[in-house]
Amino acid sequence: MFHPVPHGPLTRLRMAPTFLGRTIREVSAYAFADLLIDTGPSPTASQLVAWCRGGPVRRVLLTHHHEDHIGGAAALQEELGLPILGPA
């Protein structure tokens, strides 16, 4: 599942892997101006890349290193060349 929800200048990206058509552990990432905060789980990485392609996102900030927050980071860096920022 990948569902962008605009809230004024902020967009909430609702993401979740699915199994047999059912949503599993939904998480959110947020886009504000040119910043994407977290990247969601790896099963939604291709949808996230497609959403970011040609849009305002130019950098990514990871809040912490759990898979549901960093799963799309490598795809964004490899496919779009976005810089990834976050804690060591």
Side-chain angles (χ1 to χ4, degrees):
M1 177 195 70
F2 184 87
H3 184 68
V5 181
H7 296 279
L10 179 78
T11 299
R12 176 184 177 198
L13 303 172
R14 297 176 58 211
M15 297 177 272
T18 58
F19 180 72
L20 299 175
R22 302 187 96 179
T23 298
I24 302 170
R25 74 180 155 85
E26 182 180 319
V27 298
S28 294
Y30 298 89
F32 180 77
D34 70 343
L35 178 66
L36 176 64
I37 303 167
D38 289 334
T39 63
S42 56
T44 60
S46 62
Q47 294 166 296
L48 179 63
V49 168
W51 186 83
C52 288
R53 186 171 272 120
V57 174
R58 298 289 174 251
R59 56 198 170 128
V60 177
L61 173 66
L62 302 176
T63 58
H64 61 285
H65 298 283
H66 290 158
E67 190 278 335
D68 59 332
H69 293 264
I70 67 165
L76 289 170
Q77 188 174 50
E78 292 167 8
E79 295 187 37
L80 301 179
L82 298 180
I84 309 295
L85 311 168

Original post:
CG/Leu48 to CZ/Arg53 distance, rounded to the nearest 0.5 angstrom?
Top reply: 10.5 Å
Original post:
Minimum heavy-atom separation for Ile24 to Ala16, with atom names?
Top reply: O-CB, 3.4 Å
Original post:
Is it the case that more than 12 heavy atoms not belonging to Arg22 sit under 6.0 Å from its CZ atom?
Top reply: no
Original post:
What's the shortest heavy-atom distance between Leu62 and Ala73, and which atoms?
Top reply: CD1-CB, 4.2 Å
Subject >> Minimum heavy-atom distance between His64 and Ile70, given as atom pair plus value >> reply: O-CG2, 3.4 Å
**OP:** Please determine, by modelled atom types, if Ser28 and Arg12 share a side-chain donor-acceptor pair under 3.5 angstrom.
**Re:** yes
Original post:
How close do Val60 and Leu35 get, heavy atom to heavy atom, and via which atoms?
Top reply: C-CD1, 4.3 Å
Original post:
Hey, is the main chain of Pro87 close enough, under 3.5 Å, to the side chain of His65 for a donor-acceptor pair?
Top reply: yes
Subject >> Backbone of Ser42 reached by a side-chain donor or acceptor of Glu67 within 3.5 Å >> reply: yes
Subject >> Among Val27, Ile37, Thr63, the one residue meeting side chain to side chain contact (heavy atoms under 4.5 Å, CB included) with His69 >> reply: Thr63
**OP:** Measure the spacing between OG1 of Thr39 and CD1 of Ile84 and express it to the nearest 0.5 Å.
**Re:** 7.0 Å
Considering only distance and modelled atom types, tabulate donor-acceptor pairs under 3.5 Å from the side chains of residues 1-11, sequence neighbours left out.
none

**OP:** List the atom of Pro41, the atom of Pro17, and the distance in Å for their closest heavy-atom pair.
**Re:** CG-CD, 3.8 Å
Subject >> Spacing of CG belonging to Leu61 relative to OH belonging to Tyr30, to within rounding of 0.5 Å >> reply: 14.0 Å
Original post:
Out of curiosity, Leu13 CG to Asp38 CG, how far, rounded to the nearest 0.5 Å?
Top reply: 10.5 Å
Original post:
Counting only heavy atoms not in His66, do more than 12 sit closer than 6.0 Å to its NE2 atom?
Top reply: no
